[in-house]
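Quick notes on the structure that follows.
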Amino acid sequence: MTRSSSRTYRLGEIVAKLGGELVGGHDPEIRRIATLENAGPGDLSFVSSAKYLRQLDGTRASAVILAKGQRGATELPRILCDDPYVYYARAAQLLNPEERPSPGVHPQAVVEAEAEVPASATVGPFCRVGRGARLGERVVVGPGCTIGEDAQIGEDGRLGPSVTIYPRCVIGKRVLIHAGAVIGADGFGLAPQAGRWIKIPQTGRVVIGDDVEIGANTTIDRGALDDTVIEDGVKLDNQIQIGHNVRVGAHTAMAACAGVAGSTRIGKHCAIGGAARIMGHIEIADHVTITATSFVTKSIRSAGTYTAVLPAEPGRTWAKTIAHLRNLDRLSKRLGELEKRSKPARKRKR
Amino acid sequence: MTRSSSRTYRLGEIVAKLGGELVGGHDPEIRRIATLENAGPGDLSFVSSAKYLRQLDGTRASAVILAKGQRGATELPRILCDDPYVYYARAAQLLNPEERPSPGVHPQAVVEAEAEVPASATVGPFCRVGRGARLGERVVVGPGCTIGEDAQIGEDGRLGPSVTIYPRCVIGKRVLIHAGAVIGADGFGLAPQAGRWIKIPQTGRVVIGDDVEIGANTTIDRGALDDTVIEDGVKLDNQIQIGHNVRVGAHTAMAACAGVAGSTRIGKHCAIGGAARIMGHIEIADHVTITATSFVTKSIRSAGTYTAVLPAEPGRTWAKTIAHLRNLDRLSKRLGELEKRSKPARKRKR
Amino acid sequence: MTRSSSRTYRLGEIVAKLGGELVGGHDPEIRRIATLENAGPGDLSFVSSAKYLRQLDGTRASAVILAKGQRGATELPRILCDDPYVYYARAAQLLNPEERPSPGVHPQAVVEAEAEVPASATVGPFCRVGRGARLGERVVVGPGCTIGEDAQIGEDGRLGPSVTIYPRCVIGKRVLIHAGAVIGADGFGLAPQAGRWIKIPQTGRVVIGDDVEIGANTTIDRGALDDTVIEDGVKLDNQIQIGHNVRVGAHTAMAACAGVAGSTRIGKHCAIGGAARIMGHIEIADHVTITATSFVTKSIRSAGTYTAVLPAEPGRTWAKTIAHLRNLDRLSKRLGELEKRSKPARKRKR
């Protein structure tokens, strides 16, 4: 979460660690990564797409990461590699190692009886770790978090401030959860009776795999009877809502404000766009892309891109479209009328 | 919020408490409720809809809850009742009684002067109860909550972790609020003047009735002058936004991510789907259903279902639809043109 | 945030402070502002739009704020002014001055080494102010907030409960942030490699100008390399999501649940409706209005109103529309067919 550029690297050192081919006369010292536009001396920049190549002209970067085919695009010292964007990610990780807070339970934290907090873990001030909860090695819990009874967080997990993990939820290894996220609140389970709502106890858990990232203020509800499951490598952005008993397949990514209603199963390696919504009790196959803001109302059985995006238009243009839309029934009837008139005419002509 | 299966019941005991007809040779001991699919020995399952009847074949449940007409659908010990889903809810409540934390104010909570916290209430660590706030009997406040000055929470209220109740808000009896919910932050009141925004003090309150449930990270704004009102029995899922001066009628339920803009009045017994949006300053009648993701732009005067759902489609199919939509004006003109041509022709033919 | 009506004003005193023309025989004492409908003796009310003038008849208010042209609309004591809504905002500020908590750091707050907290600032219980963080004069931090390392909050800033400011973020002067907001969590930066997601360290900051207001549970992500920027006077409602490297221009207002994807630049003086969504990597000109729930998919170069609102309709009406929408391709082909048939006919007729 917090990262600080604690040391510098020679360009050659970066290549020694991350691979790629080093091209260019000298071996500058690299302080940080920057965009081509804002880079200065000591900065390493990158070209993730050919359309940004023209920005190489003006850059003041000390070196650049390029795709193999772009060897001649600049005379700056450069690293040639298969995928400059991935290389940028790796180099940024190298130059911005995570700052680990000192281990230990803050004196103003509350750890209940029978909770397990290893000596290598960090529990911030104003955290409450419930009875029977278990933290793995090197787990870092930010200030103001609540870890419920019998919850588990796997090794190297990191929680931002004010995260809530409700009782009995299970979080895998190396999971990163940002501030304000709520894992395991009750699912929305209600039985209607005579105009009132009877609450259905939500007795399942949330079970989260390894290497998952969960964005700020995202909410994942516990299951009604069985568990809500987030598989390994899933990446959830901010303000996402996952209903009870949903299963999100491994390595699926969802952009901010997406929402999945109860009992839906999403496949592996899917990409769900921002503010996309997925109906409850359906299934989405592996490798499905849902575009931002689209609403999926029924199961999707095969990989591909699915959408129902209505792009905003100038008000006047849209007013016409919507008027026509409202009129489609009449328009369709008028066409049918014309066809009827037209057919007999043709017959007569024959 | 936390529930634990503290004891078991004989099937006959359940029927003695909740009613229904017990059918089947013996009287198994029931440990918990489970789905037909995942049930094992000691589990009670249920069939909430005829379409799940075929799952009875493979189930390992010890007993099932069925509708009266389904008496012969299995030979397992069974409870026949009017509404198996409601019966399931009741039985789940019986088998999963709420665990009540011990009463008392945690030593690491702050209760300001003139606040009233009865001996039967529980205030968790890192809570701040403001001056003049009043908690009812048996109220449970989770860790890290803030209860503002002069706020009130009625008896048997339960707040999850990190809930904020702003000053002067009034919460009824038996209200359940999940983690991260914010009740009574300022409404979005701004007066435009010369390109700047002047803040309008939000001096109203939020007033919440009895038996209301409020989901994780849901926000309900205080009124500008008058109050924002949530009536008895309303159920709000996660990440819902209720603007200032809204009134939500009794026993209305809203699914996750729904939003209601300022000063709108929603009737009683409505069902608002997930991510549905309702414009400000309008009125929705009683018994109105709004489907998920739909946007209500004007008042709805009569009960019924209202919708504007655009289901996602394969990208290529949608591209065609959107192109036609953009072309509706031209299509309409072409049709008009044909009609003009066609009419004189008909006359001539006559 | 908390406001209390600490004193009363004679109507003449209000006019002396805020301007306008006082009309009417006497000079009542004013306790508070109220709507025409709910006002009683001692209340000042206002007519912000001519359509509410008829409510003047029944009101029990002691005085009213009217537009200059409405001098004769009532015989109540009245203030005539250019803009009654702005006057109401100013008068409400006068009658509801903010209650400032006593300055000082609560004994149950944690302020790390090298953090600067001036004597005039208030830090509530259960706050954690990180190493090197700097609070300006008279800043008020509500209970349970986390201020990250080296973060800055300008003078007169006010944070509601449970707000998170991540390390190194910079907040301007007189900024008001409501409960549960998260400023500076990691942007959603991922590089895909062989079916996995590689995390891209988010090393930029969030930089917020002066006089900004940020709603409850709103999230603003830190930049990947450069900063995410919210300019002066921006007003963000609740549950808004601002992606990494977005820039929001000065005095732009966004209603609740709006979302802006990464690297988009929004102009100054824009109005973004509730639940509107804006695609990443685009630009929106100054003085653009986006209607509620609309999705902006490409850059907008000129001022004006943009929309793609689909108003909800009775289910049956909508079902027809959607069926026709699905059928547009066939309808279009049928029309083309008719045209083909029709054209030769015309030729023959000529």
Side-chain angles (χ1 to χ4, degrees), chain A residues 108 110 126 128 144 146 148-149 162 164 166-167 180 182 185-186 188-193 195-201 203 217 219 221 225-226 239 241 243 257 259 261 277 279 290-291 294-298 304-310 320-321 324-325 327-328 331 334-335 338 341-342 345, chain B residues 1-3 32-35 38 83 85-86 88-90 92-93 96 108 124-126 142-144 160-162 178-180 213 215-217 233 235 237-239 251 253 255-257 269 274-275 292-293 309-315 318 322 325-326 328-329 332 335 338-339 342 345-346 349:
Chain A
Q108 280 172 270
V110 169
F126 318 123
R128 193 258 193 183
T146 296
E149 288 73 16
S162 300
T164 296
Y166 271 87
V182 177
D186 281 352
F188 200 55
L190 302 163
Q193 187 185 37
R196 306 290 162 109
W197 298 103
I198 317 282
K199 182 172 176 66
I200 299 172
T203 59
N217 285 348
T219 51
D221 279 349
L225 292 168
D226 303 328
Q239 294 194 44
Q241 153 69 7
C257 306
R277 309 290 178 180
M279 188 84 104
I290 309 295
T291 65
S294 296
F295 180 31
V296 179
T297 57
K298 53 184 193 217
T305 295
Y306 296 79
T307 181
V309 165
L310 274 189
K320 265 189 193 170
T321 301
H324 286 309
L325 197 61
N327 244 331
L328 275 181
L331 192 120
R334 282 163 57 197
L335 181 60
L338 264 187
R341 255 187 265 152
S342 159
Chain B
M1 297 177 282
T2 307
R3 296 176 182 259
R32 54 163 207 164
I33 312 269
T35 54
N38 292 328
D83 185 335
Y85 198 58
V86 167
Y88 148 53
R90 299 284 190 205
Q93 290 176 356
N96 301 279
Q108 279 171 271
F126 319 123
S162 301
H178 296 283
E213 182 167 352
N217 285 349
K235 308 295 178 183
D237 198 352
N238 297 349
Q239 295 195 43
H251 309 296
C257 306
H269 302 288
T293 77
V309 164
L310 274 188
E313 299 179 0
W318 181 253
I322 203 88
L325 197 60
R326 286 262 165 74
L328 274 181
D329 202 43
S332 173
L335 180 61
L338 263 187
E339 286 173 329
S342 159
R346 273 176 78 200
K349 274 163 203 163

Verify, without hydrogens or angle tests, whether B:Gln93 (side chain) and A:Pro201 (backbone) share a donor-acceptor contact under 3.5 angstrom. no
Nearest-0.5 Å distance that lies between atom OG1 in B:Thr35 and atom CG in A:Asp226: 4.0 Å
Is A:Thr164 close to chain B through its backbone or its side chain, or both, or neither, when contacts mean heavy atoms under 4.5 Å? side chain
From CA spacing to verdict: side chain to side chain contact (heavy atoms under 4.5 Å, CB included), A:Leu325, B:Leu325: CA-CA 8 Å; A:Leu325 197 61; B:Leu325 197 60; 3.5 Å; yes
Looking only at side chains, do A:Asn327 and B:Ser332 share a donor and an acceptor under 3.5 Å apart? no
Considering all heavy atoms, the nearest A:Phe295-B:Thr293 contact: CD2-OG1, 3.2 Å
Ignoring hydrogens and angles, state whether a donor on the side chain of B:Gln239 or A:Thr219 is under 3.5 Å from an acceptor on the partner side chain. yes
Heavy-atom pairs under 4.5 Å with chain A - which of B:Gly144, B:Ser162, B:Ala216 has more of them than the others? B:Ala216
Do you know which two heavy atoms are closest between A:Pro192 and B:Asp83, and how far apart they sit? O-OD2, 4.1 Å
Does A:Tyr166 use its side chain to pair, donor to acceptor, with the backbone of B:Ala179 at less than 3.5 Å? yes
For A:Arg128, the salt bridge (charged side-chain N to carboxylate O under 4.0 Å, His left out) test, sequence neighbours excluded, returns A:Glu112, A:Glu149
Among A:Val296, A:Leu310, A:Ile290, A:Val309, which residue has the highest count of heavy-atom pairs closer than 4.5 Å to chain B? A:Val309
Only pairs of heavy atoms separated by less than 4.5 Å count here; which of B:Ala292, B:Gly233, B:Gly180 has the most with chain A? B:Ala292
May I ask you to decide if B:Asn217's main-chain N or O and A:Asn217's side chain share a donor-acceptor pair within less than 3.5 Å? no
Applying side chain to side chain contact (heavy atoms under 4.5 Å, CB included) to B:Phe126 and A:Thr146, what does each step give before you reach the verdict? CA-CA 10 Å; B:Phe126 319 123; A:Thr146 296; over 6 Å; no
Take A:Leu190 and B:Tyr85 through the side chain to side chain contact (heavy atoms under 4.5 Å, CB included) test and state the conclusion after the steps. CA-CA 9 Å; A:Leu190 302 163; B:Tyr85 198 58; over 6 Å; no
